[in-house]
Amino acid sequence: MSRGITQAPGDRTVTATRPSEIMKAWICRRYGGPEVLALEDRPRPSAKDGEVLIRIHATTVSSGDMRVRSLKLPRGFALIGRLAIGITGPRKPILGTELAGTIESVGSDVTAWKVGEPVIAFPGGSMGCHAEYRAVAVNGPIAPKPANLLFEEAATLCFGGSTAMHFLRRAGARAGEKVLVIGASGAVGTAMVQLAAHMGARVTGVTSTRNIELVQSLGAEAVIDYTETDFAAIGEMFDIIADTVGASSFARCRPLLNEDGRYLAIAGGLTDMVPWRAGTKRSLAGPAAERPEDVRELSRLAAAGVLKPVIDKVYSFSQMPDAHAHVDTGRKKGSVVVSMGYVPP
Ligand SMILES: NC(=O)c1ccc[n+]([C@@H]2O[C@H](COP(=O)([O-])OP(=O)(O)OC[C@H]3O[C@@H](n4cnc5c(N)ncnc54)[C@H](OP(=O)(O)O)[C@@H]3O)[C@@H](O)[C@H]2O)c1
């Protein structure tokens with residue numbers, strides 16, 4: 001392991017000695033804190049026609065995993081969330097939205113991927129990555145692992161990256177536009193800053209003192225420290241305001257938007273789901289689309305060095321509840337990674 005990523009001690013070869021039809025997975029059967037998670041033996045999936053089976057080397061614990069485990073949802077979503085995710089616990093008990101790994105086996109008709117190839121995949125809301133194996137459709141959210149990244153780095157590209165990409169696309173972000181990113185140090189925020197800057201937008205990030213250098217390093221031309229300055233009081237106007245943490249509202253940001261300005265309520269509550277309009281200014285909200293083409297584009301951008309992974313901490317698979325506890329703080333920088341300790345041959 002290199003580049004300052006410290007491997008957590010412990011379970012290096014979780015797959016080594018069990019029968020081939022069994023795998024280890026972290027299971028969440030009821031809502032609650034990290035203590036509700038249990039490590040269990042589960043049937044190992046197989047690659048059906050049109051699928052590949054991926055042996056997972058690294059995954060993340062995202063804010064999405066935290067929300068599904070705890071049912072701590074944005075304002076107004078408690079009932080809708082229970083109906084959508086599960087009444088007493090998640091209907092999909094293996095959490096985990098994204099992974100990096102190698103192809104373990106392929107379905108009988110699959111020619112696009114070969115056994116041993118390194119890949120990233122983003123099952124997203126279908127989850128299932130907090131396990132040793134995950135089957136994925138070949139025409140689904142799967143792409144080559146960028147060769148310049150470790151598995152632990154590559155695993156972080158999709159959750160924040162696809163959300164940022166979705167909202168920038170919906171906003172029609174253009175070169176030269178001024179973009180304010182509130183929550184610039186999170187998984188969505190760090191990707192949003194990088195992708196907007198890459199498009200030629202002029203990015204201002206809102207973050208706390210300890211993350212100022214990080215946000216600058218990602219391409220923000222200005223940074224506002226929210227512990228000292230209210231972004232609404234600096235007298236600047238923006239074309240796009242992306243709130244990735246639910247710290248504002250369209251009503252509050254409207255006076256800071258230029259004509260045709262767009263407010264992105266990425267972490268909004270139920271009232272933010274209304275497509276508000278005020279003259280030519282408007283708000284956009286809702287779940288980000290999970291598109292296979294976005295996964296391929298994120299892989300390409302990372303391979304080109306445009307999108308850099310931001311990792312807060314790496315945990316081992318056996319430390320999954322600790323990784324969740326870290327995400328629960330709401331203070332993580334970029335992504336929290338869970339590594340299976342795989343060492344490439
Ligand atoms: N619409 C969608 O489809 C979609 C998709 C993905 C995620 N989301 C939502 O988007 C939100 C962000 O996700 P994420 O994964 O990026 O979260 P995250 O990584 O857990 O966000 C943590 C970061 O937020 C920063 N932060 C917290 N409060 C802040 C504030 N008041 N101002 C500025 N920064 C603040 C923290 O920095 P400090 O420690 O410096 O405060 C920390 O670095 C979540 O609510 C998630 O549910 C929505």
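Treat the numbers as computed from the prediction; the structure is a model and nothing was measured.
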Short side-chain to backbone donor-acceptor contact, R262 and A171, under 3.5 Å | yes

Would you confirm whether W26, through its side chain, and F317, through its main-chain N or O, come within 3.5 Å as a donor-acceptor pair?
-> yes

Electrostatic pair R42:E132 at N-O distance under 4.0 angstrom | no

SB check R134 E98 (cutoff 4.0 Å) = no

Of all the heavy-atom pairs spanning T60 and H130, show the shortest one and how long it is.
-> O-NE2, 2.7 Å

Answer with yes or no whether the hydrophobic clustering places L218 together with V181; edges join I, L, V, M, F, W, Y residues whose side-chain heavy atoms lie under 4.5 Å apart.
-> yes

Determine the minimum heavy-atom distance between C28 and L37, stating which atoms define it.
-> CB-CD2, 3.8 Å

Check side-chain hydrogen bond (donor to acceptor under 3.5 Å, both in side chains) between R69 and all other residues, then give those that pass, not counting sequence neighbours.
-> H324, D328

Side-chain heavy atoms under 4.5 angstrom apart, residues restricted to Ile, Leu, Val, Met, Phe, Trp, Tyr: same cluster for M66 and V61?
-> yes

Taking atom CZ of F122 and atom SG of C129, what is their separation to the nearest 0.5 Å?
-> 9.0 Å

Got a donor-acceptor contact below 3.5 angstrom from the Q216 side chain to the A222 backbone?
-> no

Closest heavy-atom pair, A197 versus G219, reported as atoms and distance to 0.1 Å, is CB-O, 3.8 Å

Below 4.0 angstrom, N of the basic side chain to O of the carboxylate: do K281 and D260 qualify?
-> no

Could you go step by step and tell me if M192 and I266 meet the side-chain contact (heavy atoms from CB on, under 4.5 Å) rule?
-> CA-CA 11 Å; M192 177 77 83; I266 297 170; 3.4 Å; yes

Flag the pair R174 and E177 as a salt bridge only when some basic side-chain nitrogen lies within less than 4.0 angstrom of an acidic carboxylate oxygen.
-> yes

Could I get the full list of salt bridge (charged side-chain N to carboxylate O under 4.0 Å, His left out) partners for E259, not counting sequence neighbours?
-> none

Report the C-alpha separation of C158 and I120 in whole Å, then their side-chain angles, then the decisive distance to 0.1 Å, and conclude whether the side-chain contact (heavy atoms from CB on, under 4.5 Å) test is met.
-> CA-CA 9 Å; C158 291; I120 60 169; 4.0 Å; yes

With no hydrogens and no angle check, is any side-chain donor or acceptor of D65 less than 3.5 Å from a backbone partner on S62?
-> yes

Is the backbone N or O of R331 less than 3.5 Å from a side-chain atom of T329, with the two atoms forming a donor-acceptor pair by type?
-> yes

Hey, is the main chain of K114 close enough, under 3.5 Å, to the side chain of E117 for a donor-acceptor pair?
-> yes

Whether D243 side chain and S248 backbone form a donor-acceptor pair below 3.5 Å | yes

Go through the structure and list residues passing ring-ring contact (aromatic ring centres under 6.0 Å, His included) with H57, not counting sequence neighbours.
-> F151, Y342

Check whether any side-chain N or O of T190 sits under 3.5 Å from a backbone N or O of S185 as a donor-acceptor pair, and report yes or no.
-> no

Correct closest heavy-atom pair for I94 and A131 would be CG2-CB, 4.1 Å

No-hydrogen, no-angle side-chain donor-acceptor test under 3.5 Å, D312 and H326 = yes

Look only at the side chain of E51 and the backbone of K48, and say whether a donor-acceptor pair between them is shorter than 3.5 Å.
-> yes

Honestly curious: do M199 and I241 fall in one hydrophobic cluster under the side-chain, below-4.5 Å linking rule?
-> no

Check for a donor-acceptor pair, side chain of S335 on one end and backbone N or O of V337 on the other, with a separation under 3.5 Å.
-> no

Residue pairs meeting ring-ring contact (aromatic ring centres under 6.0 Å, His included), one or both in residues 181-226, sequence neighbours left out, come to none

Who passes side-chain hydrogen bond (donor to acceptor under 3.5 Å, both in side chains) against S299, sequence neighbours left out?
-> none

Hey, what do you get for OG (S63) to NZ (K72), rounding to the nearest 0.5 Å?
-> 13.0 Å

Please say whether more than 12 non-hydrogen atoms of neighbouring residues, nucleotides or ligands are located less than 6.0 Å from CZ in R75.
-> no

Taking every non-hydrogen atom, the tightest pair across V203 and A196 | CG2-CB, 3.7 Å

How long is the span from the CG atom in L301 to the CD atom in Q194, to the nearest 0.5 Å?
-> 10.0 Å

Do the side-chain N and O atoms of D49 and S108 include a donor-acceptor pair separated by under 3.5 angstrom?
-> yes

Heavy-atom side-chain proximity of D225 to T207 below 4.5 angstrom = no

dist L149:CG -> L157:CG (nearest 0.5 Å) comes out at 6.0 Å

How far apart are the C-alpha atoms of I54 and T102, what are their side-chain angles, what is the distance that settles it, and do they pass the side-chain contact (heavy atoms from CB on, under 4.5 Å) test?
-> CA-CA 6 Å; I54 302 169; T102 46; over 6 Å; no

Are T227 and T209 close enough that a side-chain donor and a side-chain acceptor fall under 3.5 Å?
-> yes

So does E213 have more than 12 non-hydrogen atoms from other groups sitting under 6.0 Å from CD?
-> no

With a 3.5 Å cut-off and no angle check, do the side chains of S316 and S318 form a donor-acceptor pair?
-> yes

Treating Ile, Leu, Val, Met, Phe, Trp and Tyr as nodes and any side-chain heavy-atom pair under 4.5 angstrom as an edge, say whether L257 and W276 lie in one connected cluster.
-> yes

Applying salt bridge (charged side-chain N to carboxylate O under 4.0 Å, His left out), name anything that partners R82, two or more places apart in sequence or on another chain.
-> none

For salt bridge (charged side-chain N to carboxylate O under 4.0 Å, His left out), just list the numbers for E236 and K178, CA-CA rounded to whole Å, side-chain angles, deciding distance to a tenth of an Å, and then say yes or no.
-> CA-CA 10 Å; E236 286 234 20; K178 286 184 69 181; 2.3 Å; yes

Roughly how far apart are F159 CZ and E290 CD, rounded to 0.5 Å?
-> 9.0 Å

Does the side-chain contact (heavy atoms from CB on, under 4.5 Å) test come out yes or no for M165 and L298, once each step is laid out?
-> CA-CA 9 Å; M165 204 172 245; L298 290 164; 3.7 Å; yes

Tell me whether I142 is reachable from V295 by hopping between hydrophobic residues (I, L, V, M, F, W, Y) whose side-chain heavy atoms are closer than 4.5 Å.
-> no

Are R252 and D230 ion-paired here, with the side-chain N under 4.0 Å from a carboxylate O?
-> yes

Any cation-pi pair here, R55 with Y133, using under 6.0 Å and within 45°?
-> no

Are S249 and Y263 linked by a side-chain donor-acceptor pair shorter than 3.5 Å?
-> no

Closest non-hydrogen atom pair, A155 against A100 | N-CB, 3.7 Å

Checking D239, T204, I240 against V179 for side chain to side chain contact (heavy atoms under 4.5 Å, CB included), the one that qualifies is I240

CD1-CD1 distance between I80 and I85, expressed to the nearest 0.5 angstrom | 10.5 Å

